[in-house]
Amino acid sequence: MTSFQSTLADGDDGIAEELAASQREISIAEFFEKNKHMLGFDSGARGLVTAVKEAVDNALDATEEAGILPDIYVEIQEHGDYYTLVVEDNGPGITKEQIPKIFGKLLYGSRFHAREQSRGQQGIGISAAVLYSQLTSGTPAKITSRTQGSSEANYYELVIDTDTNEPVISEEQTTSWDRSHGTRIELEMEANMRARGQLHDYVEHTAVVNPHARLELREPKGEFKFERAEGATLPAETEEIRPHPHGVELGALIKMLDQTDSRTVRGFLREEFTRVGAKTADSICDAFRDRHYGRELAWTLPTASEADLEAALRDAVSNKPADDTEAFAAAVADALRERGALAYTDLETLVADAAADAEGATSFGATVRGHVVDAAWGVLTADRRSDLYRHVDAATSNQKDDATVDALAERLAAKFGEETPRDRLTRDGLRDFVVRAAETTEDVDGATVGETARENITEELWMNAHTVTDDLPSAADVEGDRNLARDLLAAMSSVDVMAPPTSCLSPIEADLIEAGLRKEFDAEFYAAATRDADVHGGDPFVVEAGIAYGGDLAAEGTVDVMRFANRVPLVYQRGACATTKVLKQIGWRNYGLDQPGGSGLPNGPCVIMVHVASTNVPFTSESKDALASVPEIEDEIELAVREAARELKSFLNKRRSMQKRREKQNVIMDVLPKMADKVSEMTGREPVAVEDSLARIMNNVLVERERDGEAVTLTVENHTSAGADLEVTEIVSAEPANVSEGTVVEMDGEWFVKWSPSVSGGDDAALTYTVSDDADCDLSVSGVEEEKLTVNR
Ligand SMILES: Nc1ncnc2c1ncn2[C@@H]1O[C@H](COP(=O)(O)OP(=O)(O)OP(=O)(O)O)[C@@H](O)[C@H]1O
């Protein structure tokens with residue numbers, strides 16, 4: 001027993017009473033005061049970066065929401081161990097009433113309940129920065145904000161009362177401010193600049209994925225400006241959407257049922273979810289009926305019953321005129337014969353229809369109809385075994401011998417009757433019947449009816465059973481019964497629903513990702529991929545990936561990974577992030593990268609970026625550093641990265657084969673001139689031009705110039721097997737004439753003669769012109785890889 005326990009046990013009062021005396025409510029602000037690390041404020045170095053991140057993310061959110069191109073200024077001033085952080089934006093500003101709550105109250109914000117992509121999610125970020133500032137420096141936050149159209153700004157100095165989680169205002173006044181609208185935050189905190197690298201990463205990477213923003217960072221070691229990319233516009237406006245029916249959690253569904261104004265489940269589905277129209281709502285309701293009520297087994301009319309059918313139906317009707325009874329019985333019998341397999345509910349409808357159609361004055365009321373339905377049901381179910389035989393046979397194909405199929409059918413048939421009113425069963429109930437029949441057949445007949453056969457038989461019977469038409473419980477009933485809610489949830493996820501609209505999301509898009517990577521990294525190769533939207537927990541999301549390779553990127557060590565969520569760079573907790581986990585699991589050797597041991601992050605001059613955009617990004621903690629492991633998101637990350645990596649693979653393959661080609665050409669070019677000299681020595685003739693031979697040996701495209709006085713001929717020989725579309729340019733120092741199908745442009749006393757010949761594999765073409773024989777000519781060719789081109793100037 002610990003000393004605390006022993007102290008408690010010694011007293012006269014019960015332990016629970018003693019404990020009760022020290023139990024009290026904990027305010028959210030008190031909680032986060034003790035757990036700063038959860039919000040990303042675990043050290044002075046990190047705290048400063050997190051505060052910048054919270055303020056800049058808010059500034060970007062606010063400006064974009066107001067349709068303003070962001071212009072954000074960040075300043076960090078050093079005063080010994082204390083730092084002052086200033087962040088200014090040109091956003092719409094914050095109204096006077098809201099300022100204290102936004103900065104002086106944790107869990108207060110505009111985004112938590114909105115199903116729309118935004119950087120902020122929880123309403124905790126900036127107030128947590130204020131809390132950190134007051135805790136470490138003892139000074140209040142200084143906020144200036146001017147709303148659009150107002151002549152003055154509001155200025156506040158405030159702290160958070162951690163007992164009550166309410167703002168305490170120490171200074172409040174109106175002031176003038178040179179920005180026409182926007183917000184300025186000034187926070188003092190105990191900090192240091194040890195995380196300068198992360199700070200710069202955050203700002204730089206923010207600039208990469210927000211080319212429409214202008215960012216300026218002034219810190220003790222320098223000034224950094226990230227100008228708005230020319231012509232960059234605001235990202236497409238996002239719209240708020242309702243949740244998607246796939247992936248909603250049970251608790252969330254029950255809460256939605258509690259809050260809905262809809263009385264029926266169908267109305268609830270249509271009103272509260274996105275992508276649920278009349279047809280989808282009906283399909284979900286049917287799937288819900290299947291789970292809640294079960295389905296009804298349907299039986300075909302036994303052939304042997306023909307003679308008895310009408311008599312049985314007639315006998316069921318009493319006290320009605322004979323002619324009318326006969327006609328009614330005949331009508332029901334005809335309808336029964338016309339239809340295929342019928343379930344009890346179908347039978348009720350069929351009889352009701354026949355009664356409604358019956359001519360004459362006789363009416364067949366509910367009681368009579370009930371008797372007729374029972375009579376018809378008796379005939380229909382007289383031989384369930386034949387139907388069951390057919391189904392078992394169909395489900396087990398020819399793997400089972402006839403005796404086993406028959407025995408199974410017989411045992412299954414025996415399970416229906418008194419105990420199964422209307423032959424209505426849930427899928428689990430049906431499966432139970434099949435399992436029991438299978439087990440008996442195995443025990444008694446020594447036959448094998450394995451797991452697959454059992455499942456196939458259950459599925460066959462279930463697919464041939466009919467969905468009932470009973471009224472569903474009301475939305476309120478489902479809300480009050482967890483089992484019902486669970487059935488509804490299962491029904492919602494079992495039905496195909498169109499992917500959610502992406503109007504609530506703002507992905508960067510593949511071309512901008514590529515442009516962003518080009519802007520930031522001098523590489524040889526770039527690729528990007530944007531996936532279609534998918535859903536997790538009812539929230540849509542889109543994953544994008546980009547890869548830059550080669551060039552100036554550092555070749556040593558593992559690749560660089562850039563992670564983004566809702567356009568915000570994630571700079572901490574790389575190892576804990578689902579993105580990293582997925583990247584480590586990919587077999588990078590298949591894509592041409594070096595991966596020691598075949599797993600983990602690959603090595604090489606490569607940057608891999610992954611962006612997850614969602615109306616609700618699942619983070620591992622409130623500090624929003626790492627993505628949680630949500631299987632749907634991980635799958636999409638993998639697919640997006642693999643899509644970009646496939647392009648990298650073809651690039652690397654091509655590069656490798658070109659490299660080999662170059663090596664081969666070098667060897668040949670080493671040998672050929674020597675051979676040509678030898679031959680010329682032996683034959684006494686002029687040495688031949690080796691380029692021609694090289695082009696033939698290597699299957700290259702050869703472009704050769706021949707001059708004969710004033711006549712110039714450029715011969716193009718395509719020794720490859722594919723067609724070549726070339727751009728051939730001659731720059732000549734005198735005016736050319738008689739140019740064959742080319743264009744001539746004069747610039748500064750030089751003439752550019754340009755041809756664009758298309759030469760099929762194995763063909764040649766001649767490009768001609770005349771020029772004075774002392775003119776200089778300079779030939780350049782493009783349109784075919786350097787390694788597949790031989791130019792003889
Ligand atoms: N610079 C700003 N301009 C206009 N409104 C702002 C600004 N900063 C914050 N807000 C408003 O204050 C709210 C609270 O901001 P806060 O940073 O606490 O949370 P959040 O951004 O919603 O979510 P998170 O906790 O995930 O950062 C925001 O939702 C937004 O409505």
Side-chain angles (χ1 to χ4, degrees), residues 28-29 31-32 35-36 38-41 49-74 85-133 141-148 150 153-154 156 158 160 165-167 177 179-187 202 206 213 215 238 240 539 565-570 614-628:
I28 179 76
F31 175 77
F32 282 118
N35 294 288
K36 297 185 282 291
M38 286 188 180
L39 300 173
F41 292 95
V49 180
T50 304
V52 170
K53 182 169 176 292
E54 292 301 343
V56 171
D57 288 353
N58 282 353
L60 287 166
D61 272 342
T63 43
E64 282 170 18
E65 221 165 74
I68 302 166
L69 283 169
D71 194 341
I72 300 167
Y73 173 74
V74 181
L85 166 66
V86 176
V87 180
E88 274 184 30
D89 67 55
N90 61 335
I94 303 168
T95 59
K96 187 173 176 344
E97 302 68 43
Q98 292 299 94
I99 293 174
K101 292 181 190 144
I102 284 174
F103 297 95
K105 195 172 170 63
L106 290 158
L107 294 179
Y108 188 90
S110 55
R111 317 200 192 282
F112 187 76
H113 298 100
R115 214 167 271 267
E116 189 178 2
Q117 178 182 332
S118 59
R119 295 168 181 84
Q121 288 191 179
Q122 296 128 333
I124 210 167
I126 201 61
S127 34
V130 170
L131 185 63
Y132 184 69
S133 146
K142 295 172 185 159
I143 316 294
T144 312
S145 192
R146 183 167 168 188
T147 54
Q148 273 171 308
S150 62
N154 289 301
Y156 277 90
L158 54 85
I160 303 172
N165 185 28
E166 290 295 336
W177 193 29
R179 284 200 191 241
S180 58
H181 51 85
T183 302
R184 178 183 201 276
I185 304 163
E186 189 177 324
L187 301 174
Y202 166 74
T206 299
L215 288 169
T238 55
E240 216 180 313
D539 282 293
N566 285 1
R567 291 177 181 250
V568 178
L570 310 180
S614 176
T615 47
N616 179 19
V617 177
F619 289 106
T620 53
S621 83
E622 286 75 6
S623 58
K624 302 200 285 186
D625 293 315
L627 292 184

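Read the numbers this way: they start at 1 and go in the same order the structure lists the ligands and their atoms.
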Can you tell me the protein heavy atom closest to atom 31 (O) of ligand 1 and the distance? S110 OG, 2.5 Å
Can you tell me the protein heavy atom closest to atom 6 (C) of ligand 1 and the distance? I94 CD1, 3.8 Å
Report the nearest protein non-hydrogen atom to atom 3 (N) of ligand 1: residue, atom name, distance rounded to 0.1 Å. A62 CB, 3.4 Å
Just heavy atoms, cut-off under 4.0 Å: does I126 contact ligand 1 by side chain, backbone, both, or neither? both
Look only at the side chain of S145 and the backbone of G182, and say whether a donor-acceptor pair between them is shorter than 3.5 Å. yes
Tell me, which protein residue and heavy-atom name are nearest atom 13 (C) of ligand 1, and how many Å apart are they? G109 CA, 3.7 Å
What pair of heavy atoms forms the shortest contact from P100 to E97, and how long is it? CD-O, 3.5 Å
Element-labelled atoms of ligand 1 that are located less than 4.0 Å from some non-hydrogen atom of E54: 27 (O)
Provide, to 0.1 Å, the distance between atom 9 (C) of ligand 1 and the closest protein heavy atom, together with that atom's residue and name. N58 ND2, 3.4 Å
Mind checking whether I124 has an N or O less than 3.5 Å away from an N or O of ligand 1? yes
Grab the two heavy atoms, one from R567 and one from P569, that are nearest each other, plus how far apart they are. O-CD, 3.8 Å
Can you measure from CD (E186) to CG (L85) and round to the nearest 0.5 angstrom? 9.0 Å
Flag K624 as yes when one of its N or O atoms lies below 3.5 Å from any N or O atom of ligand 1, and as no otherwise. yes
Counting only heavy atoms, which portion of Q98 has something under 4.0 Å from ligand 1: side chain, backbone, both, or neither? neither
In the protein, which heavy atom is nearest to atom 11 (C) of ligand 1, and how far is it? I102 CD1, 3.5 Å
Just let me know how D89 lines up against ligand 1, side chain, backbone, both or neither, with a heavy-atom cut-off below 4.0 Å. side chain
Locate the shortest heavy-atom distance separating A129 from L187; write the atom from each residue and the value. CB-CD1, 3.8 Å
Identity and separation of the nearest protein heavy atom to atom 14 (C) of ligand 1: Y108 O, 3.3 Å
Between R146 and A153, the two heavy atoms sitting closest are CB-CB, 3.8 Å
Residues K105 and S127: closest non-hydrogen pair is O-OG, 3.2 Å
Identify, for atom 19 (O) of ligand 1, the protein heavy atom at the shortest distance, and state residue, atom and that distance. G123 CA, 3.0 Å
Per side-chain contact (heavy atoms from CB on, under 4.5 Å), I185 is matched among V86, T144, I126 by I126
Any idea which heavy atoms bring K624 and L570 closest together, and the distance? O-CD2, 3.6 Å
For ligand 1, which atoms sit closer than 4.0 Å to a heavy atom of G125? 16 (P), 17 (O), 18 (O), 19 (O), 24 (P), 25 (O), 27 (O)
Output yes when a side-chain donor or acceptor of D89 lies under 3.5 Å from a complementary backbone atom of L60, and no otherwise. no
